[in-house]
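Because only heavy atoms are used, hydrogens play no part in the values below, and waters and symmetry mates are left out as well, while side chains stay in.
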Amino acid sequence: WTPQPRTKWQPSLPPGSSCPGSEWPEQERAEQLARGAALKWASGIFYRPEQLARLGQYRSREVQRTCSLEARIKSVVQSYLEGVKTGVWQLAQALEAVQGAREALGQAHGLLRGMAKAAQTLEPLREQVVQHKQLQALSQLLPRLRAVPAAVVHTQTLIDAHRLLEAYGAGAAARGDWASLGGLELPVFEGLGPLAEALGQAVEAAVGAAGQLAREDPALLVAAVRVAEVEAGRTTPLEQAPRDWRQRCLRALEEGLERVHFGTPLLPGPGALAGWLEALRVALPAELATAEALIAPCCPPHYKVVRLWARTLHGGLRRCLQQFLEGPELGAADAFTLLHWALHVYLGPEMMGSLELGPEADVSQLEPLLTLENIEQLEATFVSKVRASVVQWLQKALDGEVAEWGREQEPDTDPSGFYHSPMPAIVLQILEENIRVTSLVSQSLQRRVHGMALSELGAFLRSFNDALIRFSRDHLEGKQWSLITCPTYWLPSTTNRHSGVVSGALAPVEAALDELQRRICRLVLEALLLELQPLFAALPSRHWLSSPELLNNVCERTARFCRNFWRVRNPAFQVLLAEAERTVVLQYLCALMQGRLVCRGAEERNQAAERMQQDATQLRDLFLDLGLEESVHCAPVLLTLRKLLNLHDPTMLGLEVASLRQQFPDVSEEHISALLDLRGDVSREQRLAALSSLQDGPQPSPRAGRRALFSLVPAPTPSPSSCLFSGSCA
């Protein structure tokens with residue numbers, strides 16, 4: 001089967017009609033899609049020859065389907081045509097109605113134009129009617145109009161005499177006559193406007209002095225308020241602007257109250273702020289009590305006099321303080337007084353929070369007197385001024401202390417016989433007092449002042465340290481007692497007692513205190529070191545092995561030197577004794593490491609071990625007698641070294657070295673070698689085995705509070721000056 005040409009399937013168009021595709025591209029596209037689908041279906045159905053026998057059946061079926069579709073299309077088109085016909089008929093009816101309405105509106109417009117012209121012709125008649133009414137009323141009021149000038153004069157006299165109700169009544173008659181004439185401008189009524197203004201000013205003046213009038217002449221205050229209320233309720237003609245006398249009255253109450261308490265001449269000058277605030281503390285509650293007891297009964301309830309008084313006083317005071325803070329910078333006393341007064345006194349039971357005042361006087365929900373910026377400004381000003389004062393006082397205290405050090409006589413002592421300096425009390429009093437008083441204001445101010453105090457205390461300690469260095473450079477020799485009196489150990493405990501802050505804030509101060517403590521101890525014990533160095537130059541020696549004379553001299557000079565410490569209070573006394581004992585032990589160890597003596601046999605090794613045991617015992621007894629606690633002694637290190645010397649089997653030296661390392665982790669190979677040299681019987685292999693135990697043995701366990709000892713002992717080159725301590729051993 002071969003498909004028919006496309007032209008045979010196209011419907012015929014009437015003459016003169018254009019192709020549908022030119023006007024309806026969608027229709028053309030739909031037709032193309034339909035033809036393509038039909039061809040595809042037909043080619044699929046008649047692809048096999050046996051299907052061609054059924055061509056007649058398919059053709060009759062398609063003819064029936066085509067007829068059915070055409071019938072349905074005709075029905076739809078007929079329905080649409082009937083709807084269009086109905087719509088066209090309705091549009092024709094609407095057009096007829098619109099044309100009728102347009103004709104009616106045109107007729108009405110013409111009638112209105114005619115009436116407007118008629119009204120214009122009646123306007124002169126209307127004006128004549130108004131004039132006739134005015135003339136009629138004027139003829140009736142003529143006798144009374146003649147009395148208007150006299151009434152104006154009389155009313156002004158009443159106003160001047162503060163008879164406000166009578167004045168208002170006298171002026172009301174003239175105003176009524178004028179109103180009956182429709183506000184006709186006549187020369188006779190020219191005085192009514194100024195008269196009303198004079199009456200309003202008199203009412204404002206009376207209300208502005210409400211506090212005084214409530215006590216002296218309450219009738220005048222009541223009359224002024226009544227005039228304002230009557231005038232506020234009166235209806236004014238449309239051509240006159242309304243005069244809100246009630247608002248004028250309320251404004252006069254507020255302005256008069258602010259003028260009494262916060263007028264410009266009443267602002268305090270420099271240094272007078274405390275007195276001014278104290279006067280307000282008394283005056284403002286009294287003013288509120290007067291308002292509640294005397295002024296409120298004279299005014300209508302809707303005036304809410306007590307609330308008005310409280311808000312006015314609060315607002316006036318707030319503006320006054322803002323103006324005051326914009327002026328010159330306050331001093332420390334004024335800034336502190338204002339902060340304390342505004343944050344605590346004003347809302348406290350002595351003032352606005354008094355139980356005697358009613359709930360209408362509550363101002364706690366209003367804006368605070370001082371904004372956060374004001375508080376920040378006042379706190380910064382106070383801290384700045386106090387800092388300058390503290391710096392000045394601390395410098396004076398330091399200058400006085402340094403002058404005391406330079407005196408030739410022995411320092412002052414307290415009743416217990418201890419060295420005493422007034423500087424700690426002065427410094428603490430200055431800092432503690434400033435911190436204490438700020439607790440009366442706020443925690444933020446207290447934190448600021450506390451931070452300032454710590455900062456200045458750290459700076460003071462650094463200055464104190466510098467002064468010590470200068471003093472020691474010029475006056476060290478023969479002045480050990482002057483250095484012993486340096487007051488350091490009172491600072492940490494007292495500062496911590498009043499800190500109330502995290503420990504991190506105290507870190508700079510504690511560091512400065514530690515440095516100052518080390519500086520003082522170092523300066524004091526440098527003199528002891530100078531005395532001991534010549535004695536230890538002969539240790540160890542064979543004379544030392546056979547005689548205790550060398551250490552006796554050391555103990556004698558040390559005891560004589562340390563007996564100056566008894567005038568120093570604990571814990572400074574214990575620190576000085578501990579550092580003195582440590583200095584002696586370090587010098588002893590330094591001497592041992594110099595290689596001045598090599599034992600020539602077991603007998604000398606036994607003598608050296610016995611001498612070291614006796615020396616350790618003698619040093620322990622010496623410092624126990626001086627008062628040093630045994631737990632901080634360093635002399636037991638000599639007993640440990642004695643074991644190393646007294647060991648008979650050199651092959652066991654590794655165990656002793658490891659034990660020494662456990663007790664003193666800072667011992668080095670050089671120190672061990674120097675001690676082995678002192679024995680004089682250690683072979684090279686035994687030395688290497690002993691030294692290897694330092695690396696191969698167990699690591700020393702950390703111990704809290706353990707401080708350096710052997711690391712301060714140079715070996716083998718002697719350097720006694722470097723043996724000075726850096727802290728007590730554990």
Side-chain angles (χ1 to χ4, degrees), residues 532-554 582-620 634-694 697 708-720 722-723 729:
L532 296 181
Q533 282 177 345
L535 299 177
F536 280 106
L539 186 150
S541 64
R542 285 179 172 76
H543 176 68
W544 166 70
L545 291 177
S546 60
S547 173
E549 180 182 357
L550 176 60
L551 199 68
N552 289 341
N553 293 334
V554 170
R582 195 161 186 266
T583 300
V584 174
V585 173
L586 285 172
Q587 287 298 304
Y588 196 106
L589 294 177
C590 287
L592 287 179
M593 301 299 168
Q594 302 311 307
R596 298 191 185 104
L597 176 65
V598 176
C599 296
R600 291 179 293 194
E603 183 179 356
E604 285 192 355
R605 285 194 294 275
N606 291 334
Q607 287 180 348
E610 184 66 23
R611 175 54 54 203
M612 292 179 68
Q613 182 177 5
Q614 293 176 3
D615 291 347
T617 303
Q618 192 171 355
L619 290 175
R620 180 181 65 85
C634 293
V637 68
L638 302 181
L639 299 178
T640 304
L641 299 182
R642 169 191 171 277
K643 296 178 181 179
L644 192 64
L645 290 176
N646 200 32
L647 186 65
H648 297 291
D649 186 2
T651 60
M652 303 297 293
L653 286 173
L655 296 177
E656 291 297 334
V657 170
S659 175
L660 179 63
R661 175 69 183 280
Q662 286 294 324
Q663 297 181 54
F664 302 96
D666 58 340
V667 68
S668 66
E669 292 184 359
E670 290 78 8
H671 297 132
I672 300 299
S673 294
L675 293 173
L676 296 180
D677 290 340
L678 179 61
R679 282 182 58 93
D681 65 338
V682 181
S683 65
R684 185 173 181 273
E685 291 76 11
Q686 292 170 346
R687 180 187 300 271
L688 292 176
L691 293 178
S692 64
S693 65
L694 289 177
L709 188 64
F710 278 94
S711 60
L712 301 176
V713 178
T717 303
S719 179
S722 65
C723 297
C729 60

Checklist entry - Do the ring planes of Phe710 and Phe664 sit parallel (below 30°), tilted (30 to 60°) or perpendicular (above 60°)? => result perpendicular
Item to check | Minimum heavy-atom distance between His671 and Met593, given as atom pair plus value | outcome: O-SD, 3.8 Å
Next on the checklist: With heavy-atom distances below 4.5 Å as the criterion, would you say the side chains of Leu653 and Arg679 are in contact?
Outcome noted: yes
Checklist entry - What is the minimum heavy-atom distance between Leu676 and Ala690, and which atoms define it? => result CD1-CB, 4.3 Å
Checklist entry - Going through the checks in order, is the side-chain contact (heavy atoms from CB on, under 4.5 Å) test met by Leu619 and Leu638? => result CA-CA 10 Å; Leu619 290 175; Leu638 302 181; 4.2 Å; yes
Checklist entry - So how far is it from Leu597 CG to Leu545 CG, rounded to the nearest 0.5 Å? => result 5.5 Å
Next on the checklist: Going by side-chain hydrogen bond (donor to acceptor under 3.5 Å, both in side chains), name the residues that satisfy it together with Thr651, two or more places apart in sequence or in a different chain.
Outcome noted: Asp649
Checklist entry - Is the closest side-chain heavy-atom distance between Met612 and Asn646 below 4.5 Å? => result no
Checklist entry - At their closest point, which heavy atom of Leu641 faces which heavy atom of Leu675, and how far apart are they? => result CD2-CD1, 3.4 Å
Checklist entry - Is Val554 close to Asp615 at the side-chain level, that is, under 4.5 Å between some pair of heavy atoms? => result no
Next on the checklist: If I take atom CG from residue Leu660 and atom OG from residue Ser693, how far apart are they, to the nearest 0.5 angstrom?
Outcome noted: 9.5 Å
Next on the checklist: Contact between Glu670 and Ser673 at the side-chain level, heavy atoms closer than 4.5 Å - yes or no?
Outcome noted: no
Checklist entry - With sequence neighbours excluded, what pairs up with Ser547 under the side-chain hydrogen bond (donor to acceptor under 3.5 Å, both in side chains) test? => result none
Checklist entry - Is it true that a side-chain atom of Gln594 and a backbone atom of Cys590 form a donor plus acceptor pair closer than 3.5 Å? => result yes
Next on the checklist: Under the rule for side-chain contact (heavy atoms from CB on, under 4.5 Å), what residues qualify as partners of Glu656, not counting sequence neighbours?
Outcome noted: Lys643, Leu644, Leu647
Checklist entry - What pair of heavy atoms forms the shortest contact from Ala608 to Cys599, and how long is it? => result CB-SG, 4.3 Å
Next on the checklist: So, using side-chain hydrogen bond (donor to acceptor under 3.5 Å, both in side chains) as the criterion, who are the partners of Ser541 when residues are at least two apart?
Outcome noted: none
Checklist entry - Got Leu586 and Leu709 here, is their nearest side-chain heavy-atom distance under 4.5 Å? => result yes
Item to check | Min side-chain heavy-atom separation His543-Glu549 under 4.5 Å | outcome: yes
Item to check | Separation of Leu645 CG from Asn606 CG (nearest 0.5 Å) | outcome: 10.0 Å
Checklist entry - How close do Gln686 and Asp681 get, heavy atom to heavy atom, and via which atoms? => result OE1-O, 3.8 Å
Next on the checklist: So Arg605 and Glu610, do their side chains get closer than 4.5 Å, heavy atoms only?
Outcome noted: no
Next on the checklist: side-chain contact (heavy atoms from CB on, under 4.5 Å), that's the test. Do Trp544 and Leu551 meet it? Break it down for me.
Outcome noted: CA-CA 8 Å; Trp544 166 70; Leu551 199 68; 5.8 Å; no
Item to check | Any Val637 side-chain heavy atom under 4.5 Å of Gln663 side chain | outcome: no
Checklist entry - Partners of Arg687 by salt bridge (Lys or Arg N to Asp or Glu O under 4.0 Å), sequence neighbours excluded? => result Asp677
Next on the checklist: With a 3.5 Å distance limit and no angle check, can you tell me whether Ser659 reaches the backbone of Leu655 through a side-chain donor-acceptor pair?
Outcome noted: no
Next on the checklist: Using every non-hydrogen atom in the two residues, find where Leu550 and Ala538 come nearest and quote the distance to one decimal.
Outcome noted: CD2-O, 3.8 Å
Next on the checklist: Strictly distance-based, threshold 3.5 Å: is any side-chain N or O of Arg596 a donor or acceptor partner for the main-chain N or O of Leu539?
Outcome noted: yes
Checklist entry - Which residues pass the side-chain contact (heavy atoms from CB on, under 4.5 Å) test with Pro548, sequence neighbours left out? => result Asn552, Arg611
